[in-house]
> 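Dropping the structure in here first, questions after.
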There are 2 protein chains.
Amino acid sequence: MDEQKKNATIYDVAAAVGVSLATVSRVVNGSDSVRPATRDKVLAAIEELGYQPNAVARGLASKKTTTVGVVIPDITNLFYSELTRGIDDIARMYQYDVLLTNTDDEEEQAMTAIKNLAQKQVDGIIYMGTKLSEKVLSAVRATGVPVVLAGSVAGDGALPSVNIDYTAAFQEITTKFLNKNHSRVALVLGSKDRTIDEKFRLEGYKKALEEAGESFDESLVFTGAKGYAAGQKLAAQIIEQKAQAVVAYEDEVALGILNAVQDAGYKVPEDLEIISSNNTTYTLVARPELSSINQPKYDIGAVAMRMLTKLMNKEEVGEDQVKLPYTLVERASTM
Amino acid sequence: MDEQKKNATIYDVAAAVGVSLATVSRVVNGSDSVRPATRDKVLAAIEELGYQPNAVARGLASKKTTTVGVVIPDITNLFYSELTRGIDDIARMYQYDVLLTNTDDEEEQAMTAIKNLAQKQVDGIIYMGTKLSEKVLSAVRATGVPVVLAGSVAGDGALPSVNIDYTAAFQEITTKFLNKNHSRVALVLGSKDRTIDEKFRLEGYKKALEEAGESFDESLVFTGAKGYAAGQKLAAQIIEQKAQAVVAYEDEVALGILNAVQDAGYKVPEDLEIISSNNTTYTLVARPELSSINQPKYDIGAVAMRMLTKLMNKEEVGEDQVKLPYTLVERASTM
DNA sequence: TTGAAAGCGCTAACAA
DNA sequence: TTGTTAGCGCTTTCAA
């Protein structure tokens, strides 16, 4: 019980028992070609000396660090933190540790993060972000380790990924509104260069219009609003455009719109219906509660991490472009 | 530009330039005892070969991993994720990476996490949690690396820590209510065994009562409610106790109480005043907006990490029990 | 200013 | 079943 004495090494254990390093190593790594009696003696010595394997030495010798890198825009964003929780839980289950880096969704920070993870010899990487430039993509590839995109960037098959079908989701809810004779449906997206918004969500919105025979009106698309305060500001413009319904890309911005619109005397959903995407706790605390597209956030993280473990083990992965089912949760902000 | 060819090592660089390993190592580590001409040649070769130092080998040789462990109850909790953001930003500034582990505030998981971090040879640890048992404390100490507690457990000086003065904060807000002749102030705390609640917040509450000459009524103290739904459930009991004001230990539970009370037809703040602690975004999205004790969350994380860098460098740290100032943000849920 | 050489603590053939 | 022996890629004295 006295583990004070200067970190015992595998050498000390071997010496104490009178066996070779290799034997101790075998016991530690659970190899079965060790005689039970020997194993017991070794185990006893390990306990006695309080021996803990040094993962760094192990990593150097085995070229495996049992560490994965997680690249995330911002951990304080509820959407990403829930993904991360799924990642972390599964990582731990498979004995991996998580090295976390925030990037604010910026290319430069992503580059630094990836370079750094490569130096630390991580065994794999989970990448989250709303965009993935060629530059970052090639840096990621250059690391030579498996990478899985989770719940945000939807790579066009360039890398394994786990997502929901953003296009289908946005098409579905837009159609829902159009079918109620709301011809003016506002669409609120993140910044211009987000692949996920420009390429998938906008596309779903346009498809819905097309199918309904409605023309696309650019003045109903609002880009670049991020966070609660931005949503509050946007409210006036949305009202000005005489929108009858709003489809928003995330909960905080939707909540900002919801509150500001009501503070201005309009009624939700009577005067304006609102639906958001992500279904974080924010949707529940709102009054009225916000309808939302539910993405299985924890599961996206968990599935991505599970896929990564397979990739790291060079196991067979079936489909590597996973789309998890989303659901539409209808609450009081829609009718 | 072709970094494809099998990770160049320091050896390859040395060979390419015709110098020894030691010289390359010196250049990489910025030692100034290298002739400029030599340095340039080495740098050129590094660029040419796309050499990236292997941090694992470095860690083994130098016994420094430039990695810190961060132990957190739950990354999806806005309070902790904001602390973590502060930690991560400062860590990166000082060239450290962050190894993250969720513990759900459970002793067993904390023990595993610490053991694991020790094996990975982290240079230091930031510990967050609402309690710190003797067992965990001694495990933490046994790692032999510096540890700083951040924003949650308030160690009684046993370990360096960064916090706000929870007792003072709770005393202040309780007094505020008592001064308005609200003799029945409800106190909502986390689970029983949380040092931070039992020892500090409750103490502040009691002090306020004592100073005001009010007697302590146990039926006004509600323990164990966690999260929004729990807050909603609690509302009925609070009303039943004829509380005139509520002091809650976190925002989500406060929000649950706020919404449930209003849904039941009571007016806030006219019938019941509510104040929460943490001042996360939740306080802003509430209607009416929630008054709250603002803890400088990002700063607590940042300051804790900064202190840890000093400790890891064996620099002088002045006071190691830091209390950052809190503020009382008054919004519409109080009068 | 530079180099030689000895590890850091472990894994992983290969032998025995 | 066990041991021997090379490394893994780097830092760091100690000499030159």
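Sequence lines set the chain letters: A, B, ... in the order given, protein chains first and strands last, and positions in each chain run from 1.
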> Would one find more than 12 heavy atoms of other residues, nucleotides or ligands at under 6.0 Å from atom CD of A:E319?
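Yes - once you tally the heavy atoms of other residues, nucleotides and ligands closer than 6.0 Å, there are more than 12.
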> Give a yes/no answer on whether the side chain of B:T38 brings an N or O atom under 4.0 Å of OP1 or OP2 in C:dT1.
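Answer is no, no contact under 4.0 Å.
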> Listed in order of residue number, which residues of residues 113-124 of chain B have a non-hydrogen atom at under 4.0 Å from DNA chain D?
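Output list: empty, so none.
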> How about B:R306 and B:T309: does a side-chain donor come under 3.5 Å of a side-chain acceptor?
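Note: B:R306 and B:T309 side chains meet the donor-acceptor criterion.
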> Does B:S20 put a side-chain nitrogen or oxygen below 4.0 Å from OP1 or OP2 of C:dT2?
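Answer is no, no contact under 4.0 Å.
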> Would a distance-only check, ignoring hydrogens and angles, find a side-chain to backbone donor-acceptor pair under 3.5 Å from B:Q121 to A:A57?
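No; judged by distance alone, with no hydrogens or angles, the pair does not exist.
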> Measuring only between side-chain heavy atoms, which start at C-beta, is A:L132 closer than 4.5 Å to A:Y127?
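Yes; the side chains approach each other to less than 4.5 Å.
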> For the helix from C:dT1-D:dA16 to C:dA16-D:dT1, measure the angle between the helix axis at one end and the axis at the other, each built from five pairs, rounding to 10°.
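Both end axes considered, the difference amounts to 30°.
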> Just verifying a value: how many Å separate A:N29 CG and A:R26 CZ, rounded to the nearest 0.5 Å?
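Between A:N29 CG and A:R26 CZ, I get 10.5 Å after rounding to 0.5 Å.
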> Answer yes if the side chains of B:Q95 and B:T66 hold a donor-acceptor pair under 3.5 Å, and no otherwise.
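Absent: no donor and acceptor within the cut-off.
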> Whether the side chain of A:D320 engages the backbone of A:S161 through a donor-acceptor N/O pair (distance < 3.5 Å, no angle test) should be reported.
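No, because the side chain of A:D320 does not come within donor-acceptor range (under 3.5 Å) of the backbone of A:S161.
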> Considering residues at least two apart in sequence or located in another chain, which fulfil the salt bridge (charged side-chain N to carboxylate O under 4.0 Å, His left out) criterion with B:R92?
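Testing B:R92 for salt bridge (charged side-chain N to carboxylate O under 4.0 Å, His left out), a comparison that skips the adjacent residues, returns B:D88, B:D97.
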> Of all residues at least two apart in sequence or in a different chain, which pass the side chain to side chain contact (heavy atoms under 4.5 Å, CB included) check with B:K64?
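Partners of B:K64 by the side chain to side chain contact (heavy atoms under 4.5 Å, CB included) criterion, ordered by chain and then number, come out as B:S62, B:D123.
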> Return the set of residues passing salt bridge (charged side-chain N to carboxylate O under 4.0 Å, His left out) with A:R85 (not counting sequence neighbours), or none when no residue passes.
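If we apply the salt bridge (charged side-chain N to carboxylate O under 4.0 Å, His left out) test to A:R85, skipping adjacent residues, the hits are A:D89, B:D74, B:D104.
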> Can you build the contact string for nucleotides 8-16 of chain C? Use B for base contact, S for sugar-phosphate-only contact, and - for no protein heavy atom under 4.0 Å.
BBBSBB---
> Need one value for A:S33: base, sugar-phosphate or nothing, where a base atom within 4.0 Å counts as base even if backbone is also close, heavy atoms only.
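The answer is base, as A:S33 lies within the cut-off (heavy atoms under 4.0 Å) of a base atom.
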